[in-house]
Number of protein chains: 2
Amino acid sequence: MEKINEVVSRIKPIPQSAYDNVKRRLDNLTKPVRSLGRLEELAQRYVAIRGVDNPKLEKKVIFTFAGDHGVADDGVSAYPKEVTPQMVLNFLRGGAGVNVLARHVGADVIVIDIGVDYDFKPSNGLVIKKIAKGTKNMVKGPAMSRDEAVKGIEVGIGLAEEWSEKGVDIVGTGDMGIGNTTPSSAITAVMTGETVEDVTGRGTGINDEAFRKKVDIIKKAIRINKPDAKDPIDVLSKVGGYEIAGIAGLILGAASRRIPVVVDGFISGAGALIALGIQPAVRDYIFASHLSVEKGHKAMIKKLGNNALLDLNLRLGEGTGAALGIGLVEAGFKILTQMATFESAGVSKGNE
Amino acid sequence: MEKINEVVSRIKPIPQSAYDNVKRRLDNLTKPVRSLGRLEELAQRYVAIRGVDNPKLEKKVIFTFAGDHGVADDGVSAYPKEVTPQMVLNFLRGGAGVNVLARHVGADVIVIDIGVDYDFKPSNGLVIKKIAKGTKNMVKGPAMSRDEAVKGIEVGIGLAEEWSEKGVDIVGTGDMGIGNTTPSSAITAVMTGETVEDVTGRGTGINDEAFRKKVDIIKKAIRINKPDAKDPIDVLSKVGGYEIAGIAGLILGAASRRIPVVVDGFISGAGALIALGIQPAVRDYIFASHLSVEKGHKAMIKKLGNNALLDLNLRLGEGTGAALGIGLVEAGFKILTQMATFESAGVSKGNE
């Protein structure tokens with residue numbers, strides 16, 4: 001917990017002046033003022049976050065945290081639990097959605113076994129930081145101990161710090177874990193104050209009966225465990241998951257190193273809600289990549305106070321939306337750094 | 001006009017079976033069914049449009065048509081008319097927004113002088129197909145003769161045919177022309193039946209007074225010229241522009257060659273409305289890249305029957321939104337062609 005406190009104390013809100021400095025540069029480029037809308041906002045935020053004069057945007061990494069969930073035994077997912085390790089192996093071979101979209105935007109994918117119920121052999125691109133072989137079933141008690149939740153967050157922080165030293169410019173979050181929309185909905189309900197019904201969706205695609213059961217399970221887990229919304233680590237440990245802990249830690253660690261974080265969809269959003277609860281200033285370092293189909297995501301995005309960039313009916317997770325979001329942030333950054341100015345191009349200014 | 005009729009007769013609606021074939025392939029990939037939402041729709045449409053078994057998506061070209069407008073003399077823009085040729089030169093040097101975003105997605109930019117009031121020297125990346133040095137002022141009579149409008153469309157068709165032979169896989173539309181939101185609003189009002197007030201915006205950023213004047217000018221141009229909504233070429237010639245004609249032709253030509261067209265914002269949308277009026281089946285070949293800030297764009301997108309992919313508050317034109325849209329279509333195509341199947345990856349299927 002000392003590590004978390006130390007990192008959290010280093011995260012500061014971005015001052016308005018940092019955004020204004022970039023705006024002045026943007027307004028000299030050969031285009032009507034603000035005519036590139038959110039791309040300009042992305043450029044502004046990216047440079048303001050980095051906090052140096054001429055930052056680069058080259059090294060892009062998506063961290064896909066994988067963990068299993070005790071609650072999956074209760075049939076909350078359309079997929080069997082063995083799919084978690086199977087998909088990890090698919091990530092490592094480069095055949096999953098996140099691999100394709102990461103390659104498309106020139107990002108690397110790092111997969112973290114933070115709590116999968118399977119023993120992986122060492123492999124390129126796989127970081128083994130297993131805390132346990134999945135969480136316990138949150139319907140029967142806390143998913144993790146407080147100590148395990150803290151360790152999970154510290155894994156994410158450690159990765160952010162390690163990759164900050166390696167010169168990473170921007171990170172994306174991702175997840176894999178059969179059953180993990182269930183803890184994510186539980187976290188959203190507790191942290192936003194919305195009802196469980198309002199923040200629970202169909203995950204990978206369960207039927208009506210399984211959906212009703214899922215809502216009941218989440219309600220029961222909250223009733224039994226009594227997570228304290230004022231104590232995000234309590235919420236995380238009781239109704240969360242290891243991959244969610246890792247994502248929360250990655251966000252905190254990246255913010256403390258002034259590295260922008262592009263947050264994926266619903267599971268990553270649950271991690272972001274935990275990070276935001278621990279340190280509200282992380283909001284300034286987060287880009288919400290897309291609005292997920294998953295029902296609770298709207299409430300999450302609202303709480304994060306950060307309009308989603310894309311609305312493409314995605315609901316895969318893994319970091320797929322984060323990859324597309326990174327591509328957009330880079331597009332905005334290139335507008336700032338590669339466009340001609342009115343003066344350099346000899347273009348007349350308007351009278352706006 | 002013979003050329004146009006011949007091309008139009010070759011454009012056929014895409015049969016549902018073509019989409020279904022791609023869907024079957026998508027549903028075997030290692031992800032819950034439809035979990036990549038609109039990316040899967042893009043892959044489906046791209047492959048269905050191409051109409052061959054294993055199309056590639058490599059050669060991407062954005063065609064930015066430039067023309068001047070007689071109506072600009074009446075102060076409908078925040079920028080002086082000389083900015084049209086200045087920006088063309090900026091495009092050719094690679095310093096404009098469209099150049100930056102085209103490079104970002106790996107697309108080339110071809111600039112077409114179809115009606116600029118300036119004599120360009122020959123240059124790499126510039127196609128000179130000038131029909132006139134700008135349109136006439138549509139407040140005083142037709143912007144072009146019917147013959148000039150037909151010629152403008154034929155320029156676009158010719159480019160699509162030439163680049164089809166060169167193996168282009170996907171094209172984007174773009175525009176440059178000071179004052180060109182004015183004819184675009186006029187076309188939108190006539191072709192959608194909305195009021196001028198409802199489809200007129202602030203273009204590059206005019207003030208309240210100039211805005212009121214712009215609405216009056218558009219109303220007057222429609223009153224004087226009486227464009228016939230049932231005859232799109234009549235509308236184009238009376239209240240359109242050369243770049244809009246070129247865009248309409250590019251769309252028709254590309255559709256006739258089964259090349260997908262990613263349509264940029266408001267000006268390109270005016271061209272798309274003309275193409276759609278001439279041949280409703282072009283709808284199947286169009287991707288609407290983004291929803292522009294420009295007020296009339298919503299009515300346009302609705303008429304095109306094609307949900308916009310992005311909503312990033314863009315209003316620059318040039319093909320900037322088309323570039324981002326091409327990047328998304330390619331992302332969807334790579335999902336289809338690069339992801340592992342359940343079988344190849346040894347991943348268990350769900351019970352959706």
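By convention in this document, chain letters (A, B, ...) are assigned in the order of the sequence lines, proteins followed by strands, and residues within each chain are numbered from 1. The shown structure was predicted, so the numbers you read here are calculated from the model rather than taken from an experiment. For the numbers below, each heavy atom of this structure counts, side chains included, while hydrogens, waters and symmetry mates do not.
- If you tally non-hydrogen atom pairs under 4.5 Å between each of V293(B), T30(B), L312(B) and chain A, the highest count goes to L312(B).
- Q338(B) has its side chain within reach of R103(A): a pair of non-hydrogen atoms, C-beta onward, lies under 4.5 Å apart.
- Around NZ of K59(B), the count of heavy atoms belonging to other residues, nucleotides or ligands within 6.0 Å does not exceed 12.
- Counting heavy-atom pairs closer than 4.5 Å to chain A, the top-ranked of the candidates G327(B), G321(B), A323(B) is G327(B).
- Neither the backbone nor the side chain of E40(A) comes within contact range of chain B, judged by heavy atoms closer than 4.5 Å.
- Heavy atoms from other residues, nucleotides or ligands lying under 6.0 Å from NZ of K334(B) number more than 12.
- Looking at every heavy atom in both residues, V347(A) comes nearest to Q86(B) through CA-OE1, 3.4 Å.
- Annotation for S348(B) and V83(A): closest pair O-CG2, 3.6 Å, computed over non-hydrogen atoms.
- Nearest heavy atoms, K349(A) versus P80(B): O-CD, 4.0 Å.
- The shortest side-chain heavy-atom distance between L101(B) and L39(A) falls under the 4.5 Å cut-off.
- Contact annotation for E82(A): only side-chain heavy atoms (C-beta onward) come within less than 4.5 Å of a heavy atom of chain B.
- For the options L324(B), D311(B), N99(B), heavy-atom pairs under 4.5 Å to chain A are most numerous at L324(B).
- Heavy atoms closer than 4.5 Å to chain B are found nowhere in N207(A), neither backbone nor side chain.
- Interface remark: R34(B) contributes backbone and side-chain atoms alike to the contact with chain A (heavy atom separation under 4.5 Å).
- Residue P32(A) comes nearest to R315(B) through the heavy atom pair CB-NH1, 4.0 Å, listed as atom of the first residue, atom of the second, then distance.
- In plain terms, the two heavy atoms of L314(B) and G37(A) that are nearest each other are CD2-N, 4.4 Å.
- Heavy-atom contacts from other residues, nucleotides or ligands closer than 6.0 Å to NZ of K302(A) number 12 or fewer.
- Between chain B and the options G95(A), S35(A), G97(A), the largest number of non-hydrogen pairs under 4.5 Å is found for S35(A).
- Annotation: maximal heavy-atom pairing with chain B below 4.5 Å, among M87(A), R202(A), E41(A), occurs at M87(A).
- Heavy-atom distances place the side chain of F342(B), and not its backbone, under 4.5 Å from chain A.
- L310(A) places none of its side-chain heavy atoms less than 4.5 Å from the side chain of L309(B).
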